[in-house]
Amino acid sequence: MKVEEIKKQFEKDLVHASSNQEVEAIRVAYLGRKSKVTDILKNIAKLSVDEKKTVGAEANKLKLEIDSALTEKLNQISAKSTKKPIDISEPGTKYPVGHMHPLTQFIQKSIDVFKSIGFEVYQSPEVDTAYYNFDTLNVPKDHPARDSFDTFYIEDGRDISDDNKLLLRTHTTNSDVRYMETHKPPVRIIIPGKCYRHDTLDASHEATFYQMDGLVIGEGICITDLLGTLRYFAQEIFGKDVKTRARPHFYPFTEPSIDLDISCVLCKGKGCPVCKRSGWLEVMPCGMVHPNVLKKMGVDPEKYSGYAFGFGIERLMMLYYGINDIRLGYSSDLRFLEQF
Amino acid sequence: MKVPVNWLKEYVDFDLSVEKLADKLTLSGSEVDQILGSADFKNIVVGEILEIKKHPDADKLHVCQIDVGETKPRQIICGSLFIVEPGNKVPVALAPTKVGDLKVDKAKLRGVESFGMICSDEELGIGGGGLTFFDKKTKNGTNINDIFGRDAVLDIDLTPNRTDCFSMVGMARETAATLETKLKIVEPRPAKVSSDKKIKVLVKEKNLCPHYIAKIIEDVKIAPSPEWVQRRLLAAGVRPINNIVDVTNYVMLEWGQPLHAFDADKITGDEIIVRKAKKGERMETLDGVMRTFEDRDLLIADSVGPIAVAGVMGGAASEVSSSTKNIVLESANFEAVSIRKTAQRLALRSESSTRFEKGLPSRLQEIAIERAAELILDLAGGKVGSNVENTTRKDEVKTIKMDVQKFERFSGIQISDKQAVSILSSLGFECKKEANLITAKVPWWRLDISIPQDLYEEVARIYGYNNMPSTLPGGELPTPEGDPKLEMISKIKEVLIGAGFSEVINYSFTSKKVVDFLGENDKALKITNPISPEWEYMRTDLSGSLLGNIQTNQDNYNKIRLFEIGNIYIKNRNLSSERTLLGIILNSKKEDSFLLLKGIFDLLSNKLNIKLDLEEATVGLMETGRSAHIITQRGQNIGWIGEVNIKTKGFFGIKDNAAMIQVDINLLRKEYGRIKIYKPFPKFPASERDLTFVVADVVKVLDIEQVIDSMPSKIRTKREVIDIYRGKGLGTGKKAVTVRFTYQSEERTLEEKEIDQDQKDVIKKIETKLGGKVRGGKAD
């Protein structure tokens, strides 16, 4: 068939098409693998050089014409759509919605920040021995923190002064020496986890809480590294306008020990009941690892130094989400959970 | 520690606002918790009570007429918390104003108008805890700023290592170093001995009492202390009693050494004995309470019995009273832990015990007794005897070397030798410098300094942490190890939350009742000192927690879908072994809870790319015939799934049907981490055929699947049960199971014939093996 004839036939066929499907069928018939136009192009090799030029050009032109005619036809058909408008303010189909616990969300956020500066996550047991929880951390045997007013003990037939006495860890710092038993500097870890302290429960006190500890050991690790890391963390979590303040403090396992405060996120440092009008919130205890603790880790304090920090997740989480009762975190109440 | 600012100024020169001082001290290590008595009071004035009447309509209210320096008296209603009488001058807030956060406005109370408020110490935030009565000479209407404003008190949270700061002198040293100003502390000279009276001292417990000094002072005149002493004591939170007791307290506040004065004439015999108590021994303490002692308690005794609880509180019988003439002054050092234990056991934490609990240097006892003698001579007169001293411990003289270059490496800041020496000297260290090495002699009052890092801290904190820049740790990076367990946990949470489940975190504690119900008494770790009988054990399972969570939420929600990934704790002889479990729970009013949950199980195993099988089994809390073990391809049992049985629902008070999964995360993790490998799309089209078999209800889906799988075919690539129907048209005890078959070849397009043949074979096999009949036919 000649190009001209095909074109006429095509135009006839197209007039009668009234649906997308019919238009598609015409497309197959005229441009498909076994169509007339394709035939012409396939057989072009058999023609003379002159014929090749003219027939090839005509066939290609026809192909484009058919294609644009088909597209236009489709547009015409869709313009005539018979679908009625719907009320788009009707509710959408409901899909199930699950919620991640705000503690997990906050821990995950924190992990992400520390990971971005080269930290890895480590985990250690919640039921641990006095050795890892206290002894290795330079906490004297008669320290008040070891009293049964402060620490939960397990009935294991051992005396409270026994190194192997079982207890519920009071901080995730119990990881520090354990980790170093199998690792050599340089070390950069964070240790999130559940901890326990013997406390009477109220809106701001819990016997169960999450802590995130950090430990960095290497050559030339210094106080400004510690300050830099925690200032970076505070700004990543609470925004670049948050201010920090470092105060000297005392912990047995660090020397020097520091408390890092952040400007109150509620009143922006102006003073409110939450920050006891000081404008500051005490959130991050930290310090340079005490040489006695380094020795327990099998690390030479003459060659290496390190820093450690450990903060309560609940306090930060409560500030972050405006939660006013610490116990809600363990309530399993969906009225609480579904808000996150 | 309460530090009255005016008192502080006696020892150190400074001229800056109280707020600035508080900030600076906080940043150098003495955290000022609050500033008392320096608040700027607006419209709070001295008011004289002219008249008090009962409120006509309220028993507990009074109507007062108060002269507040205005032309007319104000009518103010007050409660009956404080007893006031005409002539008293009290702080009065004039409406409208604010007292702290409290708004004071004109108000009508039960029909009577009130134009202000009488303010308690607590409301004013000035400590004390009662109502302040002003001197009768104070002019009515005087703003109380003029009275309190000049007497600010810093309430300081000290760290337990800084025993030396639990004193005005100690805080003065800190202030001077922080502000770089001069210190004006004078150590007292030994008082001139004017009496040869002595009392013998016998220390039986030298470990618990390394130092004891006793001194007799005769012929003292008991009287109230002068106003300046009383004022200072009150500001520091100590109640004035009489000149002798006040001096012991004053010296304790000034130097940090607790002292005690006995009425010498009430001591029997000529000897003071420091000994342990006999079990059951009794004595009345100064607060009027009869105390019974344990044999660990350290006592001060005379020849008859105890006269004081060492370091904690004196006895009532030997108390200095208005009739006292001669006293024995005690300045001693007691071992910290022993004092703490006794004070704790007797619930008697005193100003004295808190200081001993932290440990004191021996030099302090000598200074304090001389200072007390000097003040007593001033305030009460008398003749001073010589010291009787019993000592077994001398303060250690420590010198520490500090390498300035090492300090720079440790701190990250640059500092000159001169600057370091200047900071250390300002804190009382005697420094010598050779090349880069500073040799520092530690002052006697600093028991907390023993290693070079302690010196680093001194220099760093006075330099100021906030003056230091931020850096990040440099040097070699640790090799990342990765943690597939954590990665898998995140993945599980993501999948479950996406499927509509909410994460809970439960307490690890559980009750004996639950442990008994689970039958895990042998496995559960018991807590020696639980805070509640409901929390006596550590949980051995997540089911107790999650079943309880359904109960918590069922009154507020119909559909509850929860999960927890948490630890359980198993007793292993006398050790503990900890495992991380995944627990998933849901409820349903219908009979579909098991299958609802099985869907989640399938979803999880798909997303984790772990093939898991269910194996019918009896699971403790679950319905028989509706529970299964979860088995890995290696045949390991890693958990269970089931519908909660009636007994368990009853125990936990669960209303609807519920189903639960519990999986050991550590075991699951061994299967995790298989990477999904891409397969190219098949070149040839697939055909799907659905067949519906009507079988007896007792025939399991698994039976049908096994029959199909027993006849392998090269072209049949998949079979899947897509529907199960029971009911109309089938007859009782029957069900229709629809299976979708997929046929495909990698080499060619399949022909109808081959597929038909396989379908026929399958149908025949099912008919003969399971007695099923086929309904319907081709699908495409």
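Each chain gets a letter, A, B and so on, in the order its sequence line appears, and its residues count up from 1.
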Write down the atom of B:Gln453, the atom of A:Pro256, and the distance for their closest heavy-atom approach.
O-CD, 4.4 Å
Please state whether the side chain, the backbone, both or neither of A:Tyr251 comes within less than 4.5 Å of a heavy atom of chain B.
neither
Does some side-chain heavy atom of A:Asp225 sit less than 4.5 Å from a side-chain heavy atom of B:Leu472?
no
Please list every donor-acceptor pair under 3.5 Å in which a side-chain atom of residues 498-506 of chain B meets a protein atom from a residue at least two apart or in another chain.
from	atom 1	to	atom 2	distance (Å)
B:Ser502	OG	A:His99	N	3.2
B:Glu503	OE1	A:His101	N	3.0
B:Glu503	OE1	A:Thr104	OG1	2.8
B:Glu503	OE2	A:Thr104	OG1	3.0
B:Glu503	OE2	B:Lys493	NZ	2.9
B:Asn506	OD1	B:Asn549	ND2	3.0
B:Asn506	ND2	B:Asn549	OD1	2.8
B:Asn506	ND2	B:Glu564	OE1	2.7

Those residues that, when tested against B:Glu476, pass side-chain hydrogen bond (donor to acceptor under 3.5 Å, both in side chains) (two or more places apart):
none
Just give me the residue among A:Pro140, A:Pro273, A:Pro144 that pairs up with chain B most often, heavy atom to heavy atom, under 4.5 Å.
A:Pro144
Steps toward side chain to side chain contact (heavy atoms under 4.5 Å, CB included) verdict (B:Met538, A:Phe152)
CA-CA 11 Å; B:Met538 297 301 282; A:Phe152 286 109; over 6 Å; no
So if I apply the side-chain contact (heavy atoms from CB on, under 4.5 Å) rule between A:Pro248 and each of B:Glu458, B:Glu457, B:Arg162, which one comes out positive?
B:Glu457
Decide whether A:Glu206 and B:Tyr507 meet the rule of one side-chain donor and one side-chain acceptor closer than 3.5 Å.
yes
Among side-chain atoms of A:Tyr122 and B:Glu481, is any donor-acceptor pair under 3.5 angstrom?
no
Taking 4.0 angstrom as the limit, do B:Lys526 and A:Asp156 come out as a salt bridge?
no
Any side-chain heavy-atom pair from B:Leu477 and A:Arg188 closer than 4.5 angstrom?
yes
Can we say A:Asp142 and B:Lys341 salt-bridge, meaning some charged N sits less than 4.0 Å from an Asp/Glu carboxylate O?
no
